[in-house]
Amino acid sequence: QVQLVESGGRLVQAGGSLRLSCAASGHASLTSIMGWFRRAPGKDREFVATISRSDGRTKYADSVKGRFTISRDNSENTVYLQMDSLTPEDTAVYYCAARPRGSGDYTVGRQYNYWGRGTQVTVSS
């Protein structure tokens with residue numbers, strides 16, 4: 001069984017920073033690829049970032065590139081999302097996702113097997 005639990009979401013002022021965490025439990029082989037997605041009110045789910053356990057390769061959405069950094073602690077099977085220079089447009093529920101290693105487009109949500117319940121990030125102006 002795999003469980004993903006996000007934490008760290010809160011209210012923050014525009015221009016500020018925040019770090020989200022996602023703790024994964026279960027077999028590590030089932031969470032080789034981990035990523036972050038977000039859903040803003042009235043909008044579809046949006047890809048944010050992804051990272052591979054094996055080689056540390058990362059991908060970012062254009063909207064967050066240069067501002068957000070995804071990383072992971074393999075020994076604890078925890079993934080982080082460091083968010084800097086936040087804007088009100090970053091306000092959303094942020095979800096952690098995971099899947100085993102394999103072929104696929106890791107920017108697509110349906111490619112992931114497991115999901116957390118989300119953590120709310122609100123950026124005030």
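We're numbering straight along the sequence, starting at 1.
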J.: If we check side-chain contact (heavy atoms from CB on, under 4.5 Å) with Val121, which of these qualifies: Thr91, Asp90, Leu20, Leu11?
T.: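 In the set Thr91, Asp90, Leu20, Leu11, the residue that makes a side-chain contact (heavy atoms from CB on, under 4.5 Å) with Val121 is Leu20.
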J.: When you measure from the side chain of Arg45 to the backbone N and O of Arg39, does any donor-acceptor pair fall under 3.5 Å?
T.: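 Absent.
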J.: Under the ring pair (Phe, Tyr, Trp, His ring centres under 6.0 Å) test, which residues partner Phe37, sequence neighbours left out?
T.: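 If we apply the ring pair (Phe, Tyr, Trp, His ring centres under 6.0 Å) test to Phe37, skipping adjacent residues, the hits are Phe47, Tyr112, Trp115.
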J.: Ignoring hydrogens, what is the shortest heavy-atom contact between Pro88 and Ala14? Give both atom names and the distance.
T.: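 That closest heavy-atom pairing would be CD-CB, 4.2 Å.
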J.: Is there a donor-acceptor contact under 3.5 Å from the side chain of Thr119 to the main chain of Gly9?
T.: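 Side chain of Thr119 to backbone of Gly9: a pair is present.
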J.: Answer whether the closest heavy-atom distance between the side chains of Thr122 and Gln120 falls below 4.5 Å.
T.: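 When only atoms from C-beta onward are counted, Gln120 and Thr122 do touch, with a gap below 4.5 Å.
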J.: Please report the closest heavy-atom contact between Pro100 and Asn113, naming both atoms and the distance.
T.: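 Where Pro100 meets Asn113 most closely, the heavy atoms are CD-OD1, 3.1 Å.
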J.: When you measure from the side chain of Arg99 to the backbone N and O of Gln111, does any donor-acceptor pair fall under 3.5 Å?
T.: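 Answer holds: yes.
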J.: Could you work out, with ring pair (Phe, Tyr, Trp, His ring centres under 6.0 Å) as the rule, every residue matching Tyr114, not counting sequence neighbours?
T.: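 Counting only residues at least two positions away or on another chain, Tyr114 forms no ring pair (Phe, Tyr, Trp, His ring centres under 6.0 Å).
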J.: Without swapping roles, check the side chain of Tyr60 against the backbone of Ile70 for a donor-acceptor pair under 3.5 Å.
T.: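 Between the backbone of Ile70 and the side chain of Tyr60 there is a qualifying donor-acceptor contact (under 3.5 Å).
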J.: What's the separation between atom OG in Ser54 and atom CD1 in Ile33, rounded to the nearest 0.5 Å?
T.: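 Taking OG in Ser54 and CD1 in Ile33, the distance rounds to 6.0 Å.
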J.: Work out which heavy atom in Ile51 is nearest to a heavy atom in Arg72; give both atom names and the distance.
T.: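 Minimum heavy-atom separation between Ile51 and Arg72: O-NH1, 3.7 Å.
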J.: Could you state whether Val123 and Phe68 fall into the same hydrophobic cluster, counting links through intermediate Ile, Leu, Val, Met, Phe, Trp or Tyr residues with side-chain heavy atoms under 4.5 angstrom apart?
T.: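 Cluster IDs for Val123 and Phe68 match.
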J.: Please give me the minimum heavy-atom distance between Asn77 and Ala28, naming the atom from each residue.
T.: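 Here Asn77 and Ala28 meet closest at ND2-CA, 4.0 Å.
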J.: Find the distance between CE (Met83) and CZ (Arg38) and round it off to the nearest 0.5 Å.
T.: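 Reported to 0.5 Å precision, the distance equals 9.0 Å.
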J.: Quick one: OG on Ser52 to OH on Tyr106, what's the gap to the nearest 0.5 Å?
T.: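 Spacing of OG (Ser52) from OH (Tyr106) equals 7.0 Å.
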J.: For the hydrophobic clusters of this structure (ILVMFWY residues joined by side-chain heavy atoms under 4.5 Å, transitively), does one cluster hold both Leu18 and Trp36?
T.: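 The answer is yes; both residues are in one hydrophobic cluster.
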J.: Out of curiosity, does Met34 fall in the hydrophobic cluster containing Val93 (side-chain heavy atoms, cut-off under 4.5 Å, transitive links)?
T.: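 As far as the 4.5 Å side-chain criterion goes, Met34 and Val93 are not connected within one cluster.
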J.: Is the CD atom of Gln3 crowded by more than 12 outside heavy atoms at less than 6.0 Å?
T.: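 For Gln3, atom CD is not crowded (no more than 12 foreign heavy atoms under 6.0 Å).
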J.: Do Val2 and Tyr95 belong together in a cluster built from hydrophobic side chains that touch within less than 4.5 Å?
T.: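 Val2 does not cluster with Tyr95.
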J.: Any side-chain heavy atom of Ser63 within less than 4.5 Å of one from Glu46?
T.: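 Ser63 reaches Glu46 side chain to side chain.
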J.: Please enumerate all residues that pass side-chain contact (heavy atoms from CB on, under 4.5 Å) together with Ala23, with sequence neighbours excluded.
T.: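 Ala23 satisfies side-chain contact (heavy atoms from CB on, under 4.5 Å) with Thr78 once adjacent residues are dropped.
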J.: Minimum heavy-atom separation for Ser17 and Val12, please, with both atom names.
T.: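 Ser17 and Val12 have their closest heavy atoms at O-CG2, 3.9 Å.
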J.: Do Arg19 and Tyr80 meet the criterion of a side-chain donor-acceptor pair at a distance under 3.5 Å?
T.: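 Looking only at side-chain atoms, Tyr80 and Arg19 do not form any donor-acceptor pair under 3.5 Å.
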